[in-house]
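Below is one structure, written out as structure tokens; the observations come after it.
Lettering of chains follows the sequences in order, A, B, ..., and the numbering in each one begins at 1.
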Amino acid sequence: MTDLYQKQRAMRAMRKAAMQRGVIAVLDVGSTKISCLILRFDGVNLNDESEGVGSIRGHSSFSVIGSATTASRGVGFGEVLSMREGERAIRTALQSAQKLANIRVDHVIACFSGGKPRSYGLAGEANVQNQVVSEQDIARVLSACDVPDYGDSREILHAQPVNFGLDDRSGLDDPRGQLGERLYTDVHMLTVDEKVIRDLAHCVKRCDLELAGVASSAYASAVSSLVEDEQELGAACIDIGGGATGVCVFLKKHMIYCDAVRLGGEHITRDVSMGLQVPIVTAERIKTINGGLFATGMDDRDMIEVRGDTGDWEHDRRLVSRTELIGIMRPRAEEILEEVRNHLDAAGFEHLPSQQIVLTGGSSLIPGLDGLASRILGQQVRLGRPLRIHRLPQAYSGPTCSSIVGLSLFAAHPQDEWWDFEMQPEGYPARSVKRAVRWFKENW
Amino acid sequence: MSQINSDRYAPFDPAPSLWSYRLLRLMLSPFLRRLIFYGIPVLLLIGVGLLNLTNEQRREQVLTAFNDLKMFVTERPEFMVNLMSLKGASVSVMQDIREVVPIDFPVSRFDLDLDHIRQIILGLGPVKDANVRVRSNGVLQVDVVERAPAFLWRRENGLEVLDETGIYVRTGASRLQHRDLPLIAGEGADSQVAQAQQLFEAAKPLRERLRGLVFIGERRWDVVLDNGQRLMLPEKNPVLALERLIAINQAEDLLERSVKVVDFRLQHRPTLQLRRRAMHEFKQTKLMQLGQIND
């Protein structure tokens with residue numbers, strides 16, 4: 001626990017150093033592509049109150065000066081599966097981005113979707129020392145949170161205070177300076193497999209860069225594709241990527257739940273490949289060009305030429321109707337969305353005041369996915385695109401890049417985390433998990 | 001078949017090798033970039049230049065080439081000055097200017113120091129003001145304003161012509177040549193020409209008889225009339241005194257009488273000095289009057 005705290009604080013210090021240098025790279029390690037953006041901060045003090053408020057604070061102060069995308073190698077389910085290949089892929093992206101930016105970058109903030117993320121709700125309470133709530137009081141109440149036993153091989157990725165209560169008031173955003181006696185807090189904690197972070201850190205280290213922060217890519221996508229009122233009233237961002245689908249629920253502008261389904265667009269491609277007996281590359285092409293989820297009468301007559309390279313003329317010159325293709329793709333898409341539905345049900349998504357579903361990620365480009373999602377997930381479904389950030393290339397404005405854009409926003413203005421406050425020396429009193437469970441039930 | 005086509009399916013990896021990646025990052029580090037793209041080339045250029053210049057012959061060559069280039073520009077016909085045009089000067093002054101301004105035409109416009117030429121021309125006595133410039137078609141235009149002669153100053157060693165501010169214009173040959181100029185005399189008279197001018201203005205009623213002014217003891221003026229008559233003016237307010245005297249003269253024809261000197265140095269006590277004969281007659285008359293009384 002203390003070890004992690006020190007590590008995270010070290011990363012925060014690294015991020016601060018990067019801000020002072022004014023240049024930082026953000027890296028999205030996905031299963032299909034690895035993207036890298038290089039951001040330049042124009043010397044704006046991000047702590048300055050005049051630089052906007054709320055979630056757009058500080059966003060005007062940076063611009064993208066370099067960008068690169070490369071196909072992933074050695075990455076699957078949002079995790080680095082083969083170290084050497086993964087490292088080479090990450091190096092490719094970093095090198096092209098640095099070349100384009102014509103600047104050397106030493107710090108990188110990375111995000112990934114794998115590692116079996118799990119959400120925990122923590123609660124803590126402490127007495128306010130001098131009637132007025134100070135930074136120390138918040139630190140104390142945070143360290144008073146009872147941490148559940150999340151396993152030895154897991155590591156905390158995010159631990160964000162999402163709610164503060166003072167005496168009989170709750171729902172406070174920032175209790176500092178308020179009068180009260182007893183301070184409560186609710187913390188959302190996200191853990192992932194330690195190995196995944198370690199592998200990623202190793203790959204980055206092999207590229208001579210320092211890791212200045214890690215984030216969950218589901219969280220990053222939600223930051224960029226949920227609009228402000230969706231974040232406030234409650235919404236789920238479904239980032240359907242290549243190897244994994246991230247689910248992230250926002251309420252009151254805080255992430256309150258995050259999970260990942262280890263299914264994605266690659267599985268659809270694989271199904272197409274198996275069903276049509278074509279290579280993966282061909283299947284991917286057919287899926288992106290002709291893919292769909294709702295068959296109509298027209299699709300029966302819409303014949304797709306399946307090109308192959310086996311040498312067997314009959315096999316290579318087959319014609320497949322689009323209905324057939326849809327018949328292959330749809331069950332897998334339904335499976336993914338049902339899996340998402342299960343996670344949302346487990347999280348108590350139906351209790352949220354607004355149940356907006358935002359689909360983003362590369363696979364959300366499949367025609368008809370929003371229609372399918374509205375049948376499975378709920379009526380309020382829309383396709384999400386990332387926010388525009390300054391000097392972002394046009395190629396990065398689609399839903400495939402929502403997590404890298406969100407990571408840029410996260411780099412510019414990170415959410416306060418547990419380790420941003422000074423740790424109290426008295427340690428962490430063990431408390432029951434019951435409180436956490438009760439808080440979940442109360443809130444969802 | 002599979003042997004031939006295997007290359008097409010060989011996974012293509014665009015990843016840079018670790019060392020090429022490190023080299024790129026090294027080349028992107030700001031200090032090294034500046035050193036390689038600016039520092040080393042500049043140092044090389046300077047080094048080669050200096051090495052070349054250590055050779056005496058080479059240095060001379062460079063200097064000659066530089067001078068040739070300079071000549072090539074400055075000696076273009078557009079920049080040459082061929083003659084000097086003088087305006088506003090009398091013939092003698094023109095000759096003087098041509099003598100004192102030592103220019104061998106044709107000369108480049110860049111070699112002319114117009115200010116220096118102007119100073120030289122201003123150093124000449126008769127020149128009040130001069131304007132020196134180079135006109136478009138290679139003419140050095142000198143516009144001269146001469147001093148106007150205002151006074152003739154008689155000194156021990158001859159006559160001098162002064163302008164209205166008392167500055168020497170030229171030497172006068174004889175009084176007859178400058179009949180129109182008022183005559184002044186005495187040491188230091190040139191410093192008081194303004195007052196002299198005022199006195200000449202005031203003495204207009206006496207114009208026919210006026211011969212000139214004499215500055216006495218570098219402090220006061222004497223008005224000299226014909227017949228050797230002399231009006232001695234005070235140091236202070238000589239003009240007022242002269243006007244008073246002229247008023248007396250107009251009322252009583254004082255100067256028509258046998259008066260040799262009218263002494264106005266003490267204003268409250270003007271004194272007359274009679275001519276010898278008049279004095280004698282005056283004495284006789286007085287004696288006669290006394291004798292009558294005595295008789």
Side-chain angles (χ1 to χ4, degrees), chain A residues 21-23 25 29 33-34 36 38 40 65-66 68-75 80 82-108 202-210 278-282 307-313 316, chain B residues 1-55 57-59 61-70 72-73:
Chain A
R21 261 203 67 195
V23 183
V29 183
K33 65 166 178 50
I34 293 177
C36 176
I38 292 179
R40 183 166 55 209
I65 56 169
T69 300
T70 183
S72 305
R73 281 92 67 187
V75 182
V80 180
S82 155
M83 291 300 280
R84 302 209 35 182
E85 268 191 281
E87 177 205 321
R88 286 169 73 83
I90 288 172
R91 202 195 297 147
T92 313
L94 285 171
Q95 193 204 28
S96 344
Q98 288 181 60
K99 229 175 186 172
L100 187 62
N102 210 5
I103 206 163
R104 182 185 156 147
V105 185
D106 292 326
H107 303 92
V108 64
H202 179 76
C203 287
V204 168
K205 190 125 198 123
R206 289 274 294 165
C207 294
D208 301 337
L209 286 133
E210 300 277 1
V278 288
I280 296 274
V281 184
T282 315
R307 278 176 231 149
D309 223 355
T310 58
D312 179 353
W313 197 88
D316 288 350
Chain B
M1 178 89 187
S2 69
Q3 281 290 311
I4 298 165
N5 280 349
S6 66
D7 270 358
R8 276 168 66 187
Y9 296 111
F12 169 68
D13 191 353
S17 72
L18 190 59
W19 285 107
S20 76
Y21 174 74
R22 283 190 179 152
L23 183 69
L24 174 95
R25 277 173 59 75
L26 190 68
M27 295 308 288
L28 282 177
S29 63
F31 175 74
L32 207 64
R33 273 172 77 80
R34 254 176 273 154
L35 189 70
I36 288 172
F37 289 103
Y38 302 101
I40 291 174
V42 167
L43 277 179
L44 264 178
L45 278 177
I46 291 173
V48 167
L50 288 181
L51 217 66
N52 245 331
L53 288 183
T54 45
N55 188 342
Q57 202 185 341
R58 199 94 190 107
R59 213 158 34 199
Q61 233 171 346
V62 169
L63 216 62
T64 319
F66 176 72
N67 281 338
D68 281 354
L69 189 69
K70 199 172 146 193
F72 176 71
V73 175

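Contact check for B:Y21 versus A:R88: no side-chain heavy atoms found under the 4.5 Å cut-off. Between A:L94 and B:R25, the closest side-chain pair of non-hydrogen atoms is not below 4.5 Å. In this structure, the side chains of B:L28 and A:N102 come closer than 4.5 Å at one or more pairs of heavy atoms.
In the displayed structure, A:R40 atom CZ is contacted under 6.0 Å by at most 12 heavy atoms of other residues, nucleotides or ligands. In this structure, B:R22 places its CZ atom where more than 12 heavy-atom neighbours from other residues, nucleotides or ligands lie under 6.0 Å away. In the displayed structure, A:R84 atom CZ is contacted under 6.0 Å by at most 12 heavy atoms of other residues, nucleotides or ligands.
Between the CD1 atom in A:I103 and the OG atom in B:S29 there is a gap of 11.5 Å [rounded to 0.5 Å].
Listed here is the closest heavy atom pair of A:R91 and B:P16: NH1-O, 2.5 Å. Here the shortest heavy-atom pairing between A:K99 and B:L24 reads CG-CD1, 3.7 Å.
Only the side chain of A:R73 comes within contact range of chain B, with at least one heavy atom under 4.5 Å from a heavy atom of that chain.
Taking chain A as the reference chain and counting heavy-atom pairs below 4.5 Å, the highest number among B:S17, B:P30, B:S20 is found for B:S17.
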